[in-house]
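Predicted, not measured: the structure shown is a model, and the values here were computed from it. The residues of the chain are indexed from 1 along the displayed sequence.
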Amino acid sequence: MPYEKLEITTPAPVLSWANHPLGHEETKMAKNVASLPFVFKHVALMPDVHLGKGALVGSVLATKEAIIPAAVGVDIGCGMCAIKTPFTADQLEGKLKKIRLDIEAAIPTGFNENKDVEKSVTNWQRWRDFPDLHRGVQDLQGKAMKQMGSLGGGNHFIEVCLDTENQVWLMLHSGSRNIGNNLAQCHIHTAKELAKMAGNKLPDPDLAHFIAGTPEFQAYWNDLQWAQDYASFNRDVMMARFKHIVEKHLAGGKAAKPLLQVNCHHNYAEKEVHFGEDVYVTRKGAVRAQTEDYGIIPGSMGAKSFIVKGKGNADSFCSCSHGAGRLLSRNKAKNVYTLDDLIEQTQGVECRKDTGVLDEIPGAYKPIEQVMENQSDLVEVVATLKQVLCVKG
């Protein structure tokens, strides 16, 4: 059997694709989620599973008539975007540093915003729905508009990669920026307040939830879908700029037709049908992998990444992992590794090599090959990529 059924007593079983036993805190978190009465069938843990807030990162849960805002998380719609280009490795020769500097100039990272907002952003159709969002974000439309097309920080990144045929791929990782975070915080707070008022004895306050049919559920669902659309479009805007930069350096500015395009969320919730029933599926650090779905599973900035196609495995609620998963917390990584380690582990990659990105060192992540081996029943590999340039948020 490709997965292991955890030896815990809960109303819903927990199926794990991880290649290691869960620690005490991780087991407790899985148990807390699986004990909720509205969890459908079982909880599925992906190979890259690790501690999160409320629910484990790398977990998939289907629920009946309820949704947990903290299980979706604060970076609503965070995910990946990749395109396969007609360019080849030899065309990159001697140009990587210039490409990296152009990317850093064109795409804001960290807390930075766009100074000029282009027409494609101001014309985005969903801005008209802004007045319908939670009143706690009504003064943020200008900020949200300026953050559209920006990367953010943490483990968000932009990469130029090569596949095993030396074909050039463009890849990036980002979400719904400050606006998604704010919307999530507003609704998580409301859910917790409702739980207090109702005297709900939850195993963890972060498992406060909304019940379908209530105004609070409807308000959250509306904002969630909006933020997921924002995140997806945000990736499209950045990818268009990124592609234009690469075309400038490799094709004299002539537009190149992508050979394959993928844009997928890995922190989100959707209505889906599983085991013949309508359910709400929350993927917290997991990618949808229905048959014919393309997905992206990145390694760290010194490891391989994978473009995959789903196998539609029912037991995983048609899901797969969203990356390698952290082995060490950010603080622990900074204490364990040195700048020399970072330089050594990112050899051959055009990227920042300073203490500001030490917490993202490849050694802080699980081995991606092991993660992939553990989900051979969930996805098939379409392309294996290795980055040659990386811009971190």
Side-chain angles (χ1 to χ4, degrees), residues 12 29-40 43-45 49-79 126 129-130 132-138 140 144 152 154 175-232 265-272 278-286 288 317 319 322:
M29 198 167 267
K31 204 171 177 177
N32 288 345
V33 172
S35 69
L36 297 169
F38 50 81
V39 169
F40 175 71
V43 175
L45 305 182
V49 67
H50 56 280
L51 279 176
K53 204 165 187 187
L56 292 163
V57 177
S59 64
V60 184
L61 55 144
T63 52
K64 295 284 281 183
E65 304 301 314
I67 196 159
I68 308 164
V72 177
V74 294
D75 196 355
I76 297 171
C78 185
R126 297 301 302 272
D129 302 324
F130 207 93
D132 300 328
L133 299 180
H134 195 286
R135 63 185 178 275
V137 303
Q138 289 312 308
L140 293 178
S176 54
R177 307 298 290 108
N178 181 257
I179 186 65
N181 180 19
N182 272 269
L183 285 169
Q185 299 286 8
C186 288
H187 291 288
I188 290 167
H189 175 74
T190 302
K192 286 180 176 178
E193 288 300 303
L194 285 176
K196 255 189 234 170
M197 283 162 58
N200 281 356
K201 289 191 166 43
L202 294 165
D204 181 340
D206 280 310
L207 294 178
H209 48 272
F210 296 128
I211 303 297
T214 62
E216 292 84 3
F217 181 102
Q218 196 48 49
Y220 175 61
W221 191 257
N222 172 67
D223 291 1
L224 181 70
Q225 299 308 308
W226 186 92
Q228 287 173 187
D229 284 350
Y230 178 100
S232 183
H265 296 315
H266 55 223
N267 278 354
Y268 74 114
E270 286 291 357
K271 288 179 190 172
E272 294 178 6
D278 293 320
V279 289
Y280 294 98
V281 177
T282 297
R283 293 186 177 91
K284 187 185 183 83
R288 197 181 74 175
F317 298 108
S319 310
H322 80 312

| query | To the nearest 0.5 Å, how far apart are CG in Leu183 and CH2 in Trp226? | reply | 7.0 Å
| Under 3.5 Å, is there a donor-acceptor pair between the side chain of Tyr230 and the main chain of Ala144? | yes
| request: Quick one: pull up CG in Asp223 and CG in Leu133 and give me the separation to the nearest 0.5 Å. | output: 5.0 Å
| field | Main-chain N/O of His134 paired to Gln138 side chain as donor or acceptor, under 3.5 Å | value | yes
| query | So, Ser35 side chain and Asn32 main chain: donor-acceptor pair closer than 3.5 Å or not? | reply | yes
| Polar side-chain atom of Asn267 near backbone of Gly77 as donor-acceptor pair, under 3.5 Å | no
| query | Rounded to the nearest 0.5 Å, what separation is found between the CD atom of Glu216 and the CD1 atom of Ile67? | reply | 14.0 Å
| request: Please answer whether the main-chain N or O of Ala269 pairs with a side-chain N or O of Gln228 as donor and acceptor at a distance below 3.5 Å. | output: yes
| query | Any donor-acceptor pair under 3.5 Å linking the side chain of Asp75 with the backbone of Ser176? | reply | yes
| query | Is a side-chain N or O of Lys284 found less than 3.5 angstrom from the main chain of Leu61, in a donor-acceptor match? | reply | no
| Flag if over 12 foreign heavy atoms under 6.0 Å of NZ, Lys196 | no
| said: Keeping Asp204 on the side-chain end and Asp206 on the backbone end, is there a donor-acceptor pair under 3.5 Å? | reply: yes
| query | Distance from His187 atom NE2 to Asn182 atom CG, nearest 0.5 Å? | reply | 10.5 Å
| Candidate list Phe217, Tyr220, Phe317, test ring-ring contact (aromatic ring centres under 6.0 Å, His included), partner Tyr280, passing option | Phe217
